[in-house]
Amino acid sequence: MGPARRRGLSSEVADVIREAIFDGRYPPGTALREVELSEALEVSRGPVREAIRSLEGEGLVRAEWHRGATVAVLSLQDVAELDSLRGALEALAVRRVVAVGGSLDEIEKAAAEMDRAATAHEMVRCDIAFHDAVYAAAAHSRLAQAWEAIRSQVHLFLITRVNVSTDGYLEQIRSEHRDLVAALRLGNVEGALKLFAEHRKHAFDVLTSPDSAN
């Protein structure tokens, strides 16, 4: 990692650490040591401490007095809670997108970007960007805020999923999202809801299968 920029230092440090988590450089369970981070980023420990606290608020980091800060490891309860909450928010978003009848251009563009993803972590970013576009098209500011509150944790959820298995992952995700776009384009609410639910279930099943613990 290069030096952190000197603008909004703690938020800049948080951005750098967050990107390292999302890129897979800091996998779940990785210790985040203030001294090492401050040396690597060429900043004092204060901004690093504030950045870690901010990332803890996002659910990306867990801090315990006897262990220090680590990248969050999702428990089965975490997985279940995120899946159920995401499902509730997404159902409203899909209904809103169809009801509003606005442009689906950004959603289609986000799905098309998946063709360029060459790695699982790149595809996870594309997946998150696709759902960002769905929530934006829903034209519901409080719904968008609710999504933003769990967005980083969902990103971690998907990273955890690809850490379990990437077999057939890239093409599966491309195919699923082409189907999601087609259902939204048809204005088929029930069909779209079913496909979005199946899309979530695939990741949930990977994370809750007996093999995922091995």
Side-chain angles (χ1 to χ4, degrees), residues 1-83 85-86 110 113-114 116-133 135 144-167 169-170 173 203 206-207 212-214:
M1 294 185 293
R5 291 174 290 172
R6 301 287 170 178
R7 177 175 52 83
L9 202 49
S10 66
S11 62
E12 291 288 345
V13 171
D15 288 345
V16 172
I17 298 172
R18 186 187 300 105
E19 288 305 301
I21 294 171
F22 290 165
D23 286 344
R25 286 174 284 162
Y26 289 167
T30 301
L32 300 174
R33 299 182 176 90
E34 287 182 15
V35 173
E36 293 177 4
L37 288 168
S38 64
E39 290 176 354
L41 298 174
E42 300 179 11
V43 298
S44 66
R45 292 176 65 178
V48 172
R49 190 176 302 116
E50 291 178 26
I52 288 174
R53 190 177 302 120
S54 175
L55 294 172
E56 186 179 9
E58 292 180 26
L60 285 179
V61 169
R62 290 193 178 142
E64 301 175 33
W65 70 269
H66 61 292
R67 289 189 59 199
T70 59
V71 179
V73 176
L74 299 179
S75 67
L76 287 177
Q77 181 176 347
D78 293 327
V79 169
E81 289 184 0
L82 279 169
D83 180 69
L85 180 55
R86 180 185 173 195
E113 282 296 313
M114 292 180 170
R116 302 184 184 184
T119 69
H121 284 88
E122 289 175 8
M123 185 61 83
V124 167
R125 287 182 182 275
C126 289
D127 199 342
I128 292 292
F130 177 90
H131 293 280
D132 286 342
Y135 283 99
Q145 290 168 9
W147 162 244
E148 191 64 29
I150 65 167
R151 183 182 186 275
S152 288
Q153 294 177 64
V154 173
H155 201 140
L156 184 63
F157 177 109
L158 296 178
I159 288 173
T160 304
R161 178 257 181 270
V162 298
N163 285 345
V164 173
S165 172
T166 57
D167 291 345
Y169 173 73
L170 296 182
I173 294 300
V206 170
L207 285 176
S212 68
N214 296 330

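All residue numbers in this chain count up from 1 along the given sequence. Just so you know, these numbers use all the heavy atoms, side chains as well, and skip hydrogens, waters and symmetry mates.
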With rounding to the nearest 0.5 angstrom, report the [atom1] to [atom2] distance, [X] to [Y].
X: Thr119; Y: His121; atom1: OG1; atom2: NE2; value: 7.5 Å
X: Leu60; Y: Ile21; atom1: CG; atom2: CD1; value: 5.0 Å
X: Arg45; Y: Glu36; atom1: CZ; atom2: CD; value: 11.0 Å
X: Leu82; Y: Leu85; atom1: CG; atom2: CG; value: 7.0 Å
X: Tyr26; Y: Ile159; atom1: OH; atom2: CD1; value: 14.0 Å
X: Leu37; Y: Arg49; atom1: CG; atom2: CZ; value: 12.0 Å

Could you tell me how the ring of Trp147 sits relative to the ring of Tyr135: parallel (under 30°), tilted (30 to 60°) or perpendicular (over 60°)?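 Correct class here is parallel.
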Nearest heavy-atom pair of [X] and [Y]: which atoms, and what distance?
X: Ala72; Y: Gly59; result: CB-O, 3.6 Å
X: Val13; Y: Ala51; result: CG1-CB, 3.6 Å
X: Ala69; Y: Val61; result: CB-CG1, 3.9 Å
X: Arg18; Y: Asp15; result: NH1-OD1, 2.8 Å
X: Met114; Y: Met123; result: O-CE, 3.5 Å
X: Asp167; Y: Ser165; result: N-OG, 3.4 Å

Salt bridge check: are [X] and [Y] linked by an N-O gap of less than 4.0 Å?
X: Glu58; Y: Arg151; result: no
X: Asp83; Y: Arg86; result: no
X: Arg161; Y: Asp127; result: no
X: Glu113; Y: Arg116; result: yes

Heavy-atom distance under 4.5 Å between the side chains of Arg33 and Thr70, does that happen here?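 Of all side-chain heavy-atom pairs linking Thr70 with Arg33, none is under 4.5 Å.
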Taking the side chain as C-beta and beyond, is there a heavy-atom pair between Leu156 and Pro28 under 4.5 Å?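 They are in side-chain contact.
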Glu122 side chain vs Ala118 backbone, donor-acceptor pair below 3.5 Å: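 The answer is yes, because a donor-acceptor pair under 3.5 Å joins these two groups.
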Ignoring hydrogens and geometry, is there a side-chain-to-backbone donor-acceptor pair from Ser38 to Glu34 under 3.5 Å?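 Yes; at least one donor-acceptor contact below 3.5 Å.
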Within a radius of less than 6.0 Å around CZ of Arg62, do more than 12 heavy atoms belonging to other residues, nucleotides or ligands occur?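 Yes, CZ of Arg62 has more than 12 neighbouring heavy atoms, counting only those of other groups under 6.0 Å.
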Within 6.0 Å of CD in Glu64, more than 12 heavy atoms from elsewhere: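 Check passes, neighbour count above 12.
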Given Asp78, Leu207, Val124, the one that forms side chain to side chain contact (heavy atoms under 4.5 Å, CB included) with Phe157: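 That would be Leu207; it is the only one of Asp78, Leu207, Val124 passing the side chain to side chain contact (heavy atoms under 4.5 Å, CB included) with Phe157.
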